[in-house]
Amino acid sequence: MVAVHLMYQLKKIKYDINSHSSTTKNFRRTTYQGFSGFDNHYIEVNGIRIHYVDGGAGKTIICLPGWPQTWYSYQNIATEFSKKHRVIVVDIRGMGTSERPENGYDKKTMAEYIKQLIHSLDLKKVTIIGHDIGGMVAMSLAFNHPGVVEKLIVADGLHPNEGMLQMPLLPTPGTFGQKMNGNMPYAWWMGFNQVKSLPEKILEGRFRFLVDYVFDYVMIDETKISDKERNIYAEAYNDAESIRASNAWYQAFGQDIEDSKTYQKLEMPVLGIGSNVSYQFMKMAMPYLCRNSQLLELSSGGHYMFEENPDQVIEAIYNFLKP
């Protein structure tokens, strides 16, 4: 294990989160002023540069965001948790100002890099929070490296499984409208993001259109994500390389499903948080994935629960983290 760890050349670079604007090639986007008390960092893990923000003190919580968002999506909960914990929010491989290599977007590989980040920061066991794609990576970390995960929290983001292969190509008549149907959700982008090369040509320079559509469609109260936040996320995905890399998360689902067939039930405590479109699915799936789990229903809000229901999320996680 020591020999494997030494193969990873780890370097830390610290910036002021309130002033840094990255100018390095492939890291040209602005790091937005955001979390009070958090610092901005880059770390090189096995040749891949990963961006994260770090604040607070105490037992460590690592947060992994989802699509189409970045580290900034944890703004409503990270500062609260940093009052009692050390909180690290990571731009996962291919996201934001983290590097966007050509391959390695299966969740097992992505989880390996989170494990190495944990080791490089001299951490032992941590709590992992993952939302959406970040939840898939968090679960893969727990499946493959349970020794570094004390507790796991997944928000609308269970690991890919064979049930995904049954997702409909066409929506059930009468269920596809301005808002996602909570009983029969139609996530058309799960198929669209499988297509290689074409989405980059369609969306480069126009990603704000997709950001607005997805938030308005999936959220019950879309006003909970501000114009500023929408601009931040649109900028993060607005170039062809970022679209390619983020779509690769979806294009790796086939490998993720194959990997899932080898996993055993998780033994550590797991908290699931399910929105109006995911709760019923999570209720059915989690007993097959975890031996020690609980599930919170947030049916009053949509998929982006950190924006729509931050107080309920914070309360549930604090309760879950109690000894």
Query raised in the report: So, is the end of the Lys151 side chain (NZ or CZ) under 6.0 Å from the ring centre of Phe320 and within 45° of the ring's axis?
Result: yes
Query - Shortest non-hydrogen contact from Asn46 toward Tyr113 - result: ND2-OH, 3.6 Å
Query raised in the report: Is there a path of hydrophobic side-chain contacts, each under 4.5 Å between heavy atoms of I, L, V, M, F, W or Y residues, that connects Met136 with Leu165?
Result: yes
Report task. Determine whether Met284 and Leu271 fall in the same hydrophobic cluster, where Ile, Leu, Val, Met, Phe, Trp and Tyr are linked whenever their side-chain heavy atoms lie under 4.5 Å apart. Result -> no
Query - Within 6.0 angstrom of Gln294 CD, more than 12 heavy atoms from elsewhere - result: yes
Query raised in the report: So His41 and Tyr52, would you call those rings parallel, tilted or perpendicular, with 30° and 60° as cut-offs?
Result: parallel
Report task. May I ask you to check whether Phe176 and Trp188 place their ring centers less than 6.0 Å from one another? Result -> no
Query raised in the report: Taking the six-membered ring for Trp, are Phe306 and Tyr74 parallel (under 30°), tilted (30 to 60°) or perpendicular (over 60°)?
Result: tilted
Report task. Kindly say whether the aromatic ring centers of Tyr250 and Trp67 come within a distance under 6.0 Å. Result -> yes
Query raised in the report: Is Ile243 linked to Phe209 within one hydrophobic cluster, defined over Ile, Leu, Val, Met, Phe, Trp and Tyr using a side-chain heavy-atom separation of less than 4.5 Å?
Result: no
Requested in this report: Report yes or no: is the cationic atom of Arg93 (NZ for Lys, CZ for Arg) closer than 6.0 Å to the six-membered ring centre of Tyr105, at no more than 45° off its axis?
Outcome: yes
**Report entry** Parallel, tilted or perpendicular, as decided by the 30° and 60° cut-offs, for the rings of Tyr237 and Phe207
**Finding:** parallel
Report task. Consider only side-chain heavy atoms of I, L, V, M, F, W and Y, link residues closer than 4.5 Å, and tell whether Met190 and Val218 are in one cluster. Result -> yes
**Report entry** Between CG on residue Asn231 and CG on residue Asn238, distance to nearest 0.5 Å
**Finding:** 10.0 Å
Requested in this report: State, to 0.1 Å, how close Asp156 and Ser275 come at their nearest heavy-atom pair, and which atoms those are.
Outcome: OD2-OG, 2.6 Å
Query raised in the report: Is any side-chain heavy atom of Met219 closer than 4.5 Å to a side-chain heavy atom of His303?
Result: no
